[in-house]
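A short worksheet on the structure shown next.
Both counts, for ligands and for their atoms, begin at 1 and track the order of listing. Computed over heavy atoms, backbone and side chain alike; hydrogens, waters and symmetry mates excluded. Only a predicted model underlies this, so the values are computations on that prediction, with no experimental measurement involved.
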Amino acid sequence: MYTSPVRIQEIYQVTRILGIGSFGTVYDAFNMLTGAEVAIKTEMPPETTDSVAVLPYEYAIYEHLRENQGIPRVHWFGMYGGAHVLVLDKLGANLQQVRRLCRGQLTLKTILMLAEQMLTRVEFVHSRGVILRDIKPENFAMGLGRHCNVVHLFDFGLAKLFVDPLTEVHIPFREGLVGLGTPRYTSANVHFGREQGRRDDIEALGFVLLFLLHGKLPWQGIYAPSYEAKLRRIGEMKIGKAFDELLTNSPPEFRQYFDHCRGLSFDQKPDYVLLKNIFRERMGREGWLYDWQFDWLDASALEKGTLITKEYKIDLKFVEQSGPDWYLPCI
Ligand SMILES: Nc1ncnc2c1ncn2[C@@H]1O[C@H](COP(=O)(O)OP(=O)(O)OP(=O)(O)O)[C@@H](O)[C@H]1O
């Protein structure tokens, strides 16, 4: 069924759906006064659904993390048409999409450049007393326009304060918890019901980088009789032979990276500089520069043929409706 585009707060003109998340719909829109492109995340209030409202919480996290490069800015938050609405900077393709665009193959140089920026983002979020608990390629996206070389971190629906802002005391270690996050990338601790800390975000980031490098992780597509059994099995693989083989088949820097993650105690701060230096040294040895020329920005890579994901396909219906001379400059 066709639903006509709507306007929010009379200023934001919605143009299409960008994505449907677990808590609501995200729309593509622009500010009619400034032309600024925005993404509008909506969520119905809890009285109309069974779930607890997450968007006001996510908004609070965005405010807590505001004014930092690589975190989308909030343009507006409030209620509109009975729904919670969060208006954010619009981002470009996420890392899962750019990976597909490059036919699933990213060079080590691109992975190392991504690692630098991704570690910086996670370090910043941690410096504000927040852990993410949902590190995955879909939650990192490239910026648009002059920010197209900047990796952004977004979607803070599962983020949590790990220190009390008043007392600065770290949350206590607990066990027997239901694991949160995406099982493909979460740290092994999550599979064994352990409370997450900074070390678990860092470990998950390591799995994301290995996924981007290899295009697959060993625990993808395994069989287990139940969901719980599968989670346990993946956890065992993440600390067992499968993990060791994964590191053996990866650049040696990843073993150093995981040695650091796995050596951290629950409330210990990761050594972000040490982690970045592991990757920087490899860049240096290879003679590669941090020029932010990622694989998908390199025109020669396009010769291999790209796989544009559906979000980037133009609906021909609109092009045809525009008439044959829609692209001609006005004379
Ligand atoms: N600022 C943004 N710019 C561009 N696209 C966005 C933006 N925010 C969200 N999206 C798109 O909307 C989708 C869903 O958004 P988001 O991940 O924030 O919602 P969610 O309900 O938390 O989803 P999930 O359950 O997948 O984690 C994303 O995959 C992305 O494609």
Practice item. For K216, look at atom NZ and say whether over 12 heavy atoms of other residues, nucleotides or ligands are found less than 6.0 Å away. Key: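 Count over threshold, so yes.
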Check your understanding: Can you tell me if CZ on R146 sees more than 12 non-hydrogen neighbours from other groups inside 6.0 Å?
Key ->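 No, not enclosed.
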Can you find an N or O of [X] that's nearer than 3.5 Å to an N or O of ligand 1?
X	result
D155	yes
D89	yes
L91	yes
D134	no

**Study point:** P72 and ligand 1 - part of the residue with a heavy-atom distance under 4.0 Å
**Key:**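 Answer for P72: neither.
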Point to revise | E138, portion touching ligand 1 at heavy-atom distance under 4.0 Å | key: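 It is neither; nothing of E138 touches ligand 1.
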Review point. Looking at Y80, is R7 sitting on its ring face, NZ or CZ under 6.0 Å from the six-membered ring centre and within 45 degrees of the normal?
Key: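 No - R7 does not lie over the ring of Y80 by the 6.0 Å and 45° rule.
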Practice item. Would you kindly check if the NZ (Lys) or CZ (Arg) of K238 is within the cone defined by 45 degrees around the ring axis of F258 and under 6.0 Å from the six-membered ring centre? Key: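 Geometry flag: not set, cation outside 6.0 Å or 45°.
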Practice item. Might you point out which heavy atoms bring K269 and L264 nearest each other, and give the distance in Å? Key: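 For K269 versus L264, the nearest heavy atoms are O-CD2, 3.9 Å.
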**Study point:** Parallel, tilted or perpendicular, as decided by the 30° and 60° cut-offs, for the rings of W219 and F207
**Key:**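 Rings of F207 and W219: perpendicular, as their planes differ by over 60°.
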Check your understanding: Parallel under 30°, tilted from 30 to 60°, perpendicular over 60°: which one fits the rings of F162 and H170?
Key ->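 F162 and H170: tilted rings.
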Should you measure from each heavy atom of [X], which atoms of ligand 1 turn up under 4.0 Å away?
X	result
L18	4 (C), 5 (N)
K136	26 (O), 27 (O)
A39	1 (N), 2 (C), 3 (N), 7 (C)

Check your understanding: Looking only at non-hydrogen atoms, which of V26, T25, T42 approaches atom 14 (C) of ligand 1 most closely?
Key ->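 The nearest heavy atom belongs to V26.
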Exercise for review: Using a strict cut-off of less than 4.0 Å between a Lys/Arg side-chain nitrogen and an Asp/Glu carboxylate oxygen, indicate whether K41 and E58 qualify as a salt bridge.
Suggested key: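 A salt bridge links K41 with E58.
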Review point. Is K90 near ligand 1, meaning one of its heavy atoms is under 4.0 Å from it?
Key: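 Heavy atoms of K90 do come under 4.0 Å of ligand 1.
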